[in-house]
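Note sheet for the following structure.
This is a predicted model, so every value here is computed, not measured. The analysis underlying the following values was restricted to heavy atoms, covering all of them including side chains, and did not include hydrogens, waters or symmetry mates.
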Amino acid sequence: MKSYSTQDIRNVVLLGSTKSGKTTLAEAMLYEGKVIDRRGTVEGKNTVSDNTEIEQMNQRSIYATPLYAEFLEKKFNIIDTPGSDDFIGGAVAAFKVCESAILLVNAQHGVEVGTEIFARYAREYNVPLILAVNQLDGEKADWETSLNSIRNSFGHKPVIIQFPVNAGPGFEGFIDVLKMKYYHFTDENGTRESLEIPAEFSEEAEALRQELIEKAAEFDDTLMMKFFDQGGLSEDEIRKGLGIGIRSAEVLPIFCLSAKRDIGVKRLMEFSINTLSSPVETKYATKDGKEIECKQNAPTSIFIYKTDVEPHLGEVSYFKVMSGELSEGQDLEDPVTENRERISTIYAVAGAKKEKVSELMAGDIGCTVKLRAGKTNVTLAHPGSGISYEDINFPASKYRCAIKAQSQNDDAKLGEALNKLSSQDPTIVVEYSKELKQTILSGQGEQHINVLKHRVENEFKIPIELFAPKIPYRETITKVATANYRHKKQSGGAGQFGEVHLLICPVVEGVPFTNKFKIDGKDVTLNVKTQESYDLEWGGKLEFYNCVVGGAIDARFMPAILKGINDKMTEGPLTGSYARDIRVFVYDGKMHPVDSNEISFVLAARNAFKEAFRNAGPKIMEPIYDVDILTPADYVGACMSDLNTRRGMIMNQDMDKGFAVLHARVPLAELYRYSTTLSSLTAGAATFTMKFADYQPVPGDVQTKLLAAYAEQEKED
């Protein structure tokens, strides 16, 4: 392969719902770009993109696959992404390294929830879109319905470049209003005839071309003046205006496709190369707030956006050359660790096919192998340049479960396997919870986690179990209580003695502080000598007040008393969960001149706090999550009914581009496997996001069940 300069490179990510035809389109692009001489099919399990066993078994994309084609003397880098938002991480990583995106719409379904999800992500990451209506040869293909759904979703931005002739099984061509030609296809391999527009379509074509010209003229004053003066624009001028509109996300050009029959693929690639941005026009943000231009005559820097482990190659690091020129054998530096890395080999990538190249220019995408620190989000740059690019911001998890090896002997091996897999897929989050005493696995959905399970059991040969995780409850109090405890131990030699009297009350936001209480039936004002306030690492507060007078307890024992209280805060008496939002006043006690020591006061404080807590109206609190559900309007009732069964509270409902959005608050305890249920309720048409909101008291009946369950567990233990 020859070396391509930055201005001759186009980087495009393929987006769309499951079954919209992205992998089939990628296959046709590779065929047109002479990378392959025969197109595979998803059903035949022989496509370049879906080349892993699990993808072929499921007949769907699971990983984002980098590809390339050489077309019109340009290099066309393509990243084919999964259609399920369970695997959204691949698309998000691709947004970091691609200047543009092609969003596929299935002509048999129109704009789906998945289409809208990917469009939202593209807007969030500032990646311009063009739309391709695919499968126009399908049995249920409906151009007008698809077009209406596009306009409902994207408003005034869509503009028709092409419209089909005979959408449905008889689809064999389209009218291109930019070229003002009828492209008729004569076989299944993209062979086309460029013909005059048939008379019955000429009026529609002229009207659409006029709309195209007016849209193109909106974004450039010179073009607008020419349009007013002459009433028209040339093809190049239309492309220029559309290009400005696309880059500003104000124009969404619409193309016609049957990727399966290679109809329209070549024209889509031609337009993309002639109209979409090259990397030359791109700037990349660094962690220190600077911007680096994508230029060849600059210090070399690369950004690793994806890592994988592949047979015969080992660990593979996929990167984009962000600036400069990358050559085989070049030494680069990790600016964070200042460690040097030698780029021993460079490959251009088309799925499993790796073609060795000697160099890549700024803007190009490739891979290398066996880097010591070649992980996702790592920058490698010219030594001393200090360039470090902003990390990819992956979406938050929305599915969590507990995981363990079936055999305890495999625990260490499982930990190593999970670390490797999460480094390859940053949307997999693995953490050991000391609080829950479980390893918690978080991802984007049940399918996402099941793929990981498959890999652990098949690649690493470790049988595992996945199950519902424990809930990180919190315990607090609702009223004032006092307690005292004397710790006394005498067994020969030095003894132990410490006595602590304390009062506890809840810390409630907005309720003013008071030091006036009734103790043993008497009104008492506690004289605060010292005070300490702590924001607890598990949320909430602990406030500690020393109110001891007359030297009943030396100040040197206060840290021991605080330690004893902290010890019990990590193990509440109701369910063993962390306690929070408690104010403690130590107001009296006793000590012994010989036998008192720190351990005595730690133990006395622990037991006094435990007794007071039990008498202070203890309450279990549970984590509440804000849940936003995006669904077609037909499924709103089913979604709302299901939320009610989960103790969910629907806060409000609105519409967004033809879809209903439900905003609800739901206890985490009720969200296990929610993604699977939602998919079942809506035939896979809905999706959701979840984000921690706060802790709220559990209802009385739920608390009773939790207390009973904890008591039963205590007996078993």
Side-chain angles (χ1 to χ4, degrees), residues 396-397 400-402 429 431-440 442 468-481 483 502-511 532-544 562-585 605-606 608-627 646-649 664-672 690-714 717:
S397 303
R400 62 194 294 273
C401 64
V429 180
E431 60 175 340
Y432 178 76
S433 171
K434 292 187 296 183
E435 175 188 1
L436 305 177
K437 298 179 177 63
Q438 290 180 325
T439 298
I440 305 297
S442 301
K470 296 176 184 175
I471 301 300
Y473 291 108
R474 297 289 179 263
E475 298 181 18
T476 193
I477 57 176
T478 59
K479 62 182 183 180
V480 177
L502 54 77
L503 176 147
I504 64 174
C505 65
V507 175
V508 180
E509 189 174 346
V511 175
E532 300 170 57
S533 180
Y534 301 93
D535 290 320
L536 301 170
E537 61 181 82
W538 52 84
K541 286 181 173 294
L542 167 63
E543 296 181 5
F544 181 74
L562 177 59
K563 182 180 186 306
I565 291 166
N566 268 317
D567 287 349
K568 290 310 295 178
M569 292 280 286
T570 63
E571 189 181 347
L574 299 182
T575 61
S577 304
Y578 292 144
R580 57 177 280 171
D581 298 323
I582 298 174
R583 187 173 290 149
V584 180
F585 298 87
R606 286 179 61 178
F609 180 82
K610 179 179 179 180
E611 182 182 343
F613 195 102
R614 288 186 179 278
N615 296 322
K619 189 72 177 173
I620 300 172
M621 303 178 74
E622 63 181 342
I624 304 295
Y625 276 67
D626 288 328
V627 178
R646 297 174 184 273
R647 296 192 285 124
M649 181 180 296
R665 285 168 58 86
V666 187
L668 178 62
E670 306 291 343
L671 287 172
Y672 179 57
M690 55 185 280
K691 183 179 180 182
F692 173 74
D694 56 20
Y695 272 86
Q696 292 293 327
V698 301
D701 60 327
V702 176
Q703 176 154 323
T704 300
K705 291 178 183 177
L706 291 173
L707 292 175
Y710 185 66
E712 190 64 30
Q713 180 186 322
E714 293 269 85
D717 294 345

Measuring only between side-chain heavy atoms, which start at C-beta, is [X] closer than 4.5 Å to [Y]?
| X | Y | value |
| --- | --- | --- |
| Glu475 | Pro618 | no |
| Tyr672 | Pro469 | yes |
| Arg474 | Glu435 | yes |
| Ile620 | Tyr710 | no |
| Trp538 | Ser577 | no |
| Val666 | Met690 | no |
| Met649 | Ile624 | no |
| Arg583 | Phe544 | no |

Closest approach of [X] to [Y] (non-hydrogen atoms, all atoms of both residues):
| X | Y | result |
| --- | --- | --- |
| Gly540 | Asp581 | CA-OD1, 3.2 Å |
| Gly564 | Ala605 | CA-CB, 4.3 Å |
| Ala669 | Ile471 | CA-CD1, 3.6 Å |
| Ala612 | Ala481 | O-CB, 3.4 Å |
| Ile477 | Cys505 | CD1-C, 3.4 Å |
| Ser442 | Ser397 | CB-OG, 3.5 Å |

How many angstroms lie between atom [atom1] of [X] and atom [atom2] of [Y], to the nearest 0.5 angstrom?
| X | Y | atom1 | atom2 | answer |
| --- | --- | --- | --- | --- |
| Arg580 | Thr476 | CZ | OG1 | 7.5 Å |
| Lys479 | Ile504 | NZ | CD1 | 11.0 Å |
| Tyr432 | Gln438 | OH | CD | 8.5 Å |
| Thr575 | Gln713 | OG1 | CD | 9.5 Å |
| Glu431 | Arg400 | CD | CZ | 7.5 Å |
| Leu502 | Ile565 | CG | CD1 | 5.5 Å |

side-chain contact (heavy atoms from CB on, under 4.5 Å) against [X], all qualifying residues, sequence neighbours excluded:
| X | result |
| --- | --- |
| Lys568 | Arg606, Phe609, Lys610 |
| Thr704 | none |
| Val702 | Arg647, Val698, Pro699, Leu706 |

So Asp694 and Arg665, salt bridge (Lys or Arg N to Asp or Glu O under 4.0 Å) or not? Walk me through it. CA-CA 10 Å; Asp694 56 20; Arg665 285 168 58 86; 3.0 Å; yes
Kindly determine whether Ile582 and Phe613 satisfy side-chain contact (heavy atoms from CB on, under 4.5 Å), including the steps that lead there. CA-CA 9 Å; Ile582 298 174; Phe613 195 102; 3.4 Å; yes
Could you give me the CA-CA distance, side-chain angles and deciding distance for Leu671 and Tyr625, then say whether side-chain contact (heavy atoms from CB on, under 4.5 Å) is met? CA-CA 9 Å; Leu671 287 172; Tyr625 276 67; 4.0 Å; yes
Pairing residues for Tyr473 by the ring pair (Phe, Tyr, Trp, His ring centres under 6.0 Å) criterion, not counting sequence neighbours: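 Tyr473: no ring pair (Phe, Tyr, Trp, His ring centres under 6.0 Å) contacts found.
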Taking ring pair (Phe, Tyr, Trp, His ring centres under 6.0 Å) as the definition, give me every residue that meets it alongside Tyr695, ordered by chain and number, with sequence neighbours left out.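 Listed in chain order: Phe692.
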Any residue meeting side chain to side chain donor-acceptor pair (under 3.5 Å) with Asp701, in chain and number order, not counting sequence neighbours: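 Residues passing side chain to side chain donor-acceptor pair (under 3.5 Å) with Asp701: none at all.
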